[in-house]
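Everything below concerns the one structure shown next.
None of the values given here were measured: they were computed from a predicted structure. To find a chain, count down the sequence lines: A is the first, B the second, and so on, and within it residues start at 1. All heavy atoms count here, side chains included; hydrogens, waters and symmetry mates do not.
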2 protein chains.
Amino acid sequence: MEAQTQIEISDAEWEVMRVTWTLGSVTSSQMAEIMAEKMGWKTATVKTLLGRLIKKGALRAEKNGRAFTYYPTVDEQPSMDEAVTTLFGHLCQMRVGQTLTDLVAKVQLSQKDIQQLQAALAKKAETAPEMVDCDCVPGQTKC
Amino acid sequence: MEAQTQIEISDAEWEVMRVTWTLGSVTSSQMAEIMAEKMGWKTATVKTLLGRLIKKGALRAEKNGRAFTYYPTVDEQPSMDEAVTTLFGHLCQMRVGQTLTDLVAKVQLSQKDIQQLQAALAKKAETAPEMVDCDCVPGQTKC
DNA sequence: ATTTTTAGTTTACAACCGTAAACAGTAAAA
DNA sequence: TTTTACTGTTTACGGTTGTAAACTAAAAAT
C-alpha cells in the first residue's frame, strides 16, 4: 500500500485541523465562528485556510445543501507525531533528553500520561546507551 | 531587564545554528564546507543563511583579517526549548502525553537522560490531575 | 420576483523561505 | 603591478504563509 504522502500543515492551518479533529466534522460557518472567538480571525481568513487544507488533502468537503461539511482525511495523532518528529530532527541529538525534560516540566500531563511515559522510559532504559553523540557537525562524534 | 525578543529560526537556519553552537565559532568557509557535506548546499546558500541569521540577531560577526568569524548570540538549549514549546502549543493539550510517549520511543536517549526524565515525571506526578482537558474548541472542556 | 444573505472561489499582497547567481571589494599570488 | 581568489553584499525567483477583500453563484427572505 501507498504510504500517505507527507502533508505540510502550517501553524495557522494546525488551528483549523485541531477543531476539525475535535468535532469530527464542521461547516465553514461553524469554523468561522469558532476561529473568530479562538483566534480573532475574519471569516475570509478561515475560508482561505479551509481551501488550502482541501488542496493539500488534509480535509475533504462533502456537499450538504447550500454549503459543504468538512472532514479530516488525516488522523490527528500521526500528524502530531510527525510534526514533532520533524522538529526534533532539527535538534542536536545530544540535547534531546534535556529538551524533553524541560518540556515535561512545562506541559500538562494526566496521571495516566505520566504512567505511560514512565513505562516507555523503563523499556527504553533496557537498551539505552551510556551516551548519545552530537550529530551537528559531520565527522565529529562528540561535542 | 529586557527579555530577549523572540527570534524566529527557520528550518534551514537551524542547521546553521547547530553547527555554530557546536563549534562555538566558525568562519564562513568552514561553515560552507560543513554544509556542503552535511546538507549539499552551495556556498552561496550558506552565505545567505549566515546573512539572515545576522540580521535576525541570532549570530554576531567579528572581523578577523579578510573574513568574519561568526558567533551565536542566543543559547542553544533555550532556543530549542522555545521551538518545542511553540510546536506543542499548537497541539491538543489532551494529546500531549501520547505524543511525548511516541516521541520517547523514537528518539535516542542516554541512561542519564532517562533518569533525569524519570525524576521530572516523578515530581510532576505529585500535582498532576486525573485528566487533561481538550483545548481545541472554545467553551468545550472535554472531547 | 427582487433583494438580501450565505458560502465557495479568485485575487491580493507583503513577509518569509529555500536556493542560489551576480556583483564588488580586498587580499594574496604571480 | 596585474591577475586571481576569496568573502561579504545585492539581487533573484518561485513557493508558502498569514491575513483578508472582492467576486460570484445560489439559496432564503421579503
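One cannot find a donor-acceptor pair under 3.5 Å joining the base of dG25(C) and the side-chain atoms of Arg66(B). Remark: the Arg52(B) side chain and the dT19(C) base include a donor-acceptor N/O pair separated by less than 3.5 Å.
Of all nucleotides listed (dG18(C), dG8(D), dG18(D)), dG8(D) comes nearest to the side chain of Tyr70(B). Of the candidates dT7(D), dA7(C), dT17(D), the closest approach to any side-chain atom of Ala67(B) belongs to dT7(D). Set against dA7(C), dT17(D), dT7(D), the side chain of Ser29(B) has dT7(D) as its closest nucleotide. Residue Ala44(B) places its side chain closer to dA20(C) than to any other of dA20(C), dG8(C), dA7(C). Listed nucleotides dA21(D), dC17(C), dG8(D) differ in distance to Thr48(A); the shortest reach to its side chain belongs to dA21(D).
Between Trp41(A) and Gly65(A), the residue whose closest nucleotide on DNA chain D is further toward the 5' end is Trp41(A).
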List the steps and the verdict of side chain to side chain donor-acceptor pair (under 3.5 Å) for Gln116(B) and Gln118(B).
-> CA-CA 5 Å; Gln116(B) 206 185 183; Gln118(B) 278 167 334; over 6 Å; no
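Using a 4.0 Å heavy-atom cutoff across all strands shown, Lys55(A) reaches no nucleic acid atom at all. As judged by a 4.0 angstrom heavy-atom cut-off over every strand, Thr45(B) is placed among the base-contacting residues. In this structure, Lys42(A) reaches the sugar-phosphate backbone alone: every heavy-atom distance under 4.0 Å involves primed, P, OP1 or OP2 atoms, never a base.
Distance CE (Met39(B)) to P (dC17(C)): 15 Å, rounded to an integer number of Å. For the pair Leu59(A) CG and dG8(C) P, the computed distance is 12 Å after rounding to whole Å. In this structure, Trp14(A) places its CH2 atom 13 Å from P of dT17(D), rounding to the nearest Å. Separating the NZ atom of Lys63(B) from the P atom of dC6(D) is a distance of 17 Å, rounded to the nearest angstrom. Per the geometry, CG belonging to Leu50(A) stands 15 Å off P belonging to dA20(D), to the nearest Å. For Ile54(B) and dT9(D), the CD1 to P distance is 8 Å, given to the nearest whole Å. Atom-to-atom, CG of Leu49(A) to C1' of dG8(C) comes out at 14 Å; the value is rounded to the nearest Å.
Two residues are said to be in side-chain contact when any heavy atoms from C-beta on lie closer than 4.5 Å; Leu50(A) and Val26(A) fail this criterion. Residues Tyr70(B) and Glu62(B) fail the side-chain proximity criterion, which asks for heavy atoms closer than 4.5 Å.
In this structure, the side chain of Thr73(A) engages the main chain of Gly57(A) through a donor-acceptor pair within 3.5 Å.
At most 12 non-hydrogen atoms from other residues, nucleotides or ligands lie less than 6.0 angstrom from CD of Glu33(A).
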